[in-house]
Amino acid sequence: MNLVLSDDQQLIREEASRLLREKASPQNVRRIVEAGTGFDAALWSMIAGELGWCAMAVPEAYGGLGLGLTERLLLVEAVGERLAPVPLWSTTCAAAPLLEAIGSRAARERYLPAIAEGRIAATIAWGRIDASEPLQATGVTSKAVDGGYLLDGHVGQVIDQPAADLLLVSASADGEQALFALEREAGYESRQLETLDGTRPIAELTLNAQFIPDASRVDDGGFDASSASSAIAIAQLGLAAEQIGAARGVMDLTLAYVAERVQFGRTIASFQAVKHRCARLEVDLAEAKALIYGTAAGFPSATPEERLLEASGARALASNLLFRAAEESIQLHGGVGFTWEYDPHLYFKRAQATCTLLGSEEAHLEAIAARLLDKEAAA
Amino acid sequence: MSDEATQQLRAEISQWMADHLCGRFEPLRFRGNAGDGDALPELRKEWERELASGGWTCPGWPGEWGGRALSVAEQVAFQEEYGRAGGPGRMGHIGEGLLGPTLIAFGTQEQKERFLPGIRAGSEFWCQGYSEPSAGSDLANVRTRARRDPETGDWLVHGQKVWTSLAHVSDWIFVLARCEEGTVGRNGLIFLLMPLDQPGIEIRPIRQISGGAEFNSTFFDGARARAEHVVGAPGEGWKIAMALLGFERGISTLGQQMAFAQELELVCQIARENGAAQSSRTRQRIARAWVGLRAMRYLAMRVLAEDTRPEALRERLGYKFHWSNWHRDLGKLAMDVLGADAGIVSDDPRYERLRQLFLYSRADTIYGGSNEIQLNLIAEQGLGMPREPRGNLT
């Protein structure tokens with residue numbers, strides 16, 4: 001297993017960082033936050049359309065580049081570093097893998113090429129977004145009717161829905177789980193919510209006997225947690241990668257600030273109390289990053305259970321790290337860290353918003369504990 | 001090397017271990033690791049010769065000196081399989097992993113011919129003479145003196161070294177000493193190779209908090225290093241001493257992680273047995289330990305790869321802090337899982353192993369650069385933050 005980035009992977013990461021430094025500059029991100037849209041449509045059309053970032057997540061058979069999971073994670077990590085308001089994680093790490101895992105042939109042929117070409121952004125109406133098995137218990141039910149289905153239910157928070165052209169909804173029907181595609185054009189009721197984190201839009205979804213034609217049922221006759229497990233693991237790893245990207249971003253803000261701020265005739269970076277706190281975060285970032293990219297490298301040969309456990313581990317580390325990195329940034333910036341003008345609060349809000357998304361640190365650790373302690377043989 | 005070839009190597013090692021770590025060597029299984037380093041020294045020396053006869057000492061050395069020139073990936077495979085099989089702590093580690101590579105890089109031809117075969121054969125054992133009572137984290141504050149004997153050109157050494165692991169069962173010691181009067185810090189040091197069995201050397205054991213004594217104080221009172229046993233030039237000792245530490249790239253920590261995994265498994269086993277696994281806080285801590293160990297393995301593999309980017313340097317610098325604190329935390333977790341049983345000496349060997357872990361792991365965050373020094377290094381070398389000012393107290 002090679003855990004060092006290849007030259008090509010390195011290039012992907014560097015080019016993505018370079019582009020986002022310019023296009024997702026703090027000024028641009030703040031413009032989106034203050035407008036309240038949570039979504040930078042121009043940036044999205046550039047990275048998804050012109051630059052083909054989504055193509056990396058799609059197999060060649062569906063018009064993508066078929067690159068590995070590592071490349072996908074590098075891009076969402078770069079997006080996280082700048083809090084770029086684009087639905088890259090939802091599209092490439094959530095919707096595309098789910099379509100690939102459980103989509104019928106027709107659904108894959110319809111949607112994956114569109115994602116690869118950057119024509120659509122896609123997301124999932126996760127059930128309980130604070131649960132670590134979020135495709136279950138969406139609270140949406142479906143009923144077969146002539147020529148299609150009627151969907152009923154309410155999903156409190158749909159991440160990235162305001163930016164998405166395609167929404168995948170998991171619904172239960174007579175004890176079976178089904179997945180439906182709601183296209184923007186089809187028309188359905190949603191309402192964008194005001195959010196703590198202004199860099200990612202969230203909407204509420206209300207389905208009231210919403211008619212979905214047969215052709216829009218995505219799965220091939222039902223699915224269960226095990227058939228969706230690799231998609232869930234990718235979503236978790238992607239989110240963890242995005243979180244450590246954000247941690248890197250906010251840690252770099254801190255390092256730049258403490259290197260310039262002078263008190264008592266010296267930079268505050270020269271105080272050991274400050275140095276050690278920055279160093280601790282580096283240790284923990286290295287740990288999270290190693291687990292994320294190690295899991296990605298071993299993904300093809302790992303068992304579904306191993307993938308989920310390691311992805312849960314990655315989430316537990318990344319959620320914890322990002323929050324601490326962000327709160328330390330505010331603290332080490334001192335008074336200005338509390339101002340709207342300085343950037344740490346943007347990351348602080350992202351940290352809180354993501355630390356419960358798809359399972360809290362505690363829920364992920366409990367999932368691992370259950371595997372280690374509640375069965376006879378431990379991993 | 002292809003994954004398939006590595007798999008073959010793994011199978012070969014694991015078979016060899018199964019065939020040899022048995023019979024009279026059976027008692028060595030899982031013994032002699034950190035914290036248990038003074039266990040069964042004579043049998044472990046015989047084990048080193050057994051390993052040597054199978055060609056499994058010094059597998060990373062070049063063929064010219066009897067090694068197999070294994071790549072990093074292959075050495076990782078070796079360490080993991082060795083650890084998995086319960087291979088005992090290596091008496092030959094200091095010679096094989098530290099001094100040998102240093103001689104190969106900086107030694108004279110005569111030094112290589114004199115010393116490398118003994119290390120390779122498991123017939124000569126080495127210990128390290130670096131730390132002193134006043135030179136711990138501040139290693140450059142070495143005060144042990146080496147004076148040249150004008151008649152023979154040999155070096156006569158006076159002073160005291162401390163934490164000399166296994167000196168009492170070793171044959172040779174390498175010593176960092178001050179050879180130029182009036183120098184301070186990194187200048188004026190010399191790197192000497194000295195036999196331990198000679199007049200003027202006295203070794204006294206240091207009893208540890210775990211009760212055992214794998215460390216010693218080693219006193220030098222006019223002990224002799226021969227003129228041809230200086231590595232590098234007199235005055236360049238610091239360079240050699242640091243290069244030696246650089247060879248400790250952490251490959252052996254992969255084997256150590258196998259022992260960590262067994263310790264964690266013991267903790268899980270006992271938690272299931274005694275009901276500790278019902279506590280939600282304990283469950284969280286055990287899961288966190290599992291995550292940390294998984295990450296540690298990947299981190300080690302990243303650290304060992306030849307990667308020169310700045311972020312790779314940061315990861316490398318953080319590795320020691322990560323594993324040592326993980327291990328120390330596991331020691332406390334193990335005791336908390338044992339609960340009241342932790343306080344009573346037990347004849348359950350699992351309990352004793354965990355008690356040793358609890359006590360010994362306190363050393364992990366101190367030796368080889370304490371937590372505080374590690375964080376300084378990460379901040380200064382990894383993040384470019386200002387260096388700590390030096391004081392002038394002596």
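Order of the sequence lines sets the chain letters (A, B, ...), proteins ahead of strands, with each chain counted from 1.
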Atom CD of A:Glu362: over 12 foreign heavy atoms under 6.0 Å: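 No - once you tally the heavy atoms of other residues, nucleotides and ligands closer than 6.0 Å, there are 12 at most.
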In Å, rounded to the nearest 0.5 Å, how long is the span from [atom1] of [X] to [atom2] of [Y]?
X        : Y        : atom1 : atom2 : value
A:Leu309 : B:Arg294 : CG    : CZ    : 7.5 Å
B:Leu375 : A:Arg277 : CG    : CZ    : 12.5 Å
A:Leu291 : B:Leu299 : CG    : CG    : 10.0 Å
B:Arg302 : A:Leu3   : CZ    : CG    : 6.5 Å
B:Glu311 : A:Arg248 : CD    : CZ    : 8.0 Å

In terms of heavy-atom pairs under 4.5 Å with chain A, which of B:Arg285, B:Glu372, B:Gln278, B:Arg309 leads?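 With the most close heavy-atom pairs to chain A, the winner is B:Arg309.
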Show the nearest heavy-atom pair for residues B:Ala271 and A:Leu373, with the distance to one decimal.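 Heavy atoms only, the tightest pair is CB-CD2, 4.3 Å.
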Results of ring pair (Phe, Tyr, Trp, His ring centres under 6.0 Å) for [X] - residues two or more places apart only:
X        : value
B:Tyr298 : none
B:His322 : none
A:Phe348 : A:Phe323

Please determine whether side chain to side chain contact (heavy atoms under 4.5 Å, CB included) holds for the pair A:Arg371 and B:Trp290, giving the CA-CA distance in whole Å, both sets of side-chain angles, and the decisive distance to 0.1 Å. CA-CA 11 Å; A:Arg371 174 64 183 88; B:Trp290 182 88; over 6 Å; no
Taking every heavy-atom pair that is under 4.5 Å apart, which of A:Ala286, A:Ser312, A:Gly294 has the most such pairs with chain B?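 The option with the most such pairs is A:Gly294.
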Is any NZ, NE, NH1 or NH2 atom of the basic residue among A:Glu287 and B:Arg288 found under 4.0 Å from an Asp or Glu carboxylate oxygen of the other?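 Yes, charged N to carboxylate O under 4.0 Å.
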Heavy-atom donor-acceptor pair, B:Arg283 side chain to A:Ala367 backbone, under 3.5 Å: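 Not a single qualifying donor-acceptor pair exists.
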Using heavy-atom distances under 4.5 Å, tell me whether [X] contacts chain B through its side chain, its backbone, both, or neither.
X        : result
A:Ala297 : neither
A:Thr267 : side chain
A:Ala259 : neither
A:Glu282 : side chain

Distance only, no hydrogens: is a donor on one side chain within 3.5 Å (strictly under) of an acceptor on the other, for A:His276 and B:Asn371?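 There is no such pair (donor and acceptor under 3.5 Å, judged by atom type) between the side chains of A:His276 and B:Asn371.
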Chain A contact residues among residues 377-390 of chain B, heavy-atom distance under 4.5 Å: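 Against chain A, the residues of residues 377-390 of chain B that fall inside the cut-off (heavy atoms, under 4.5 Å) are B:Ile378, B:Ala379, B:Glu380, B:Leu383, B:Met385, B:Pro386, B:Arg387, B:Glu388.
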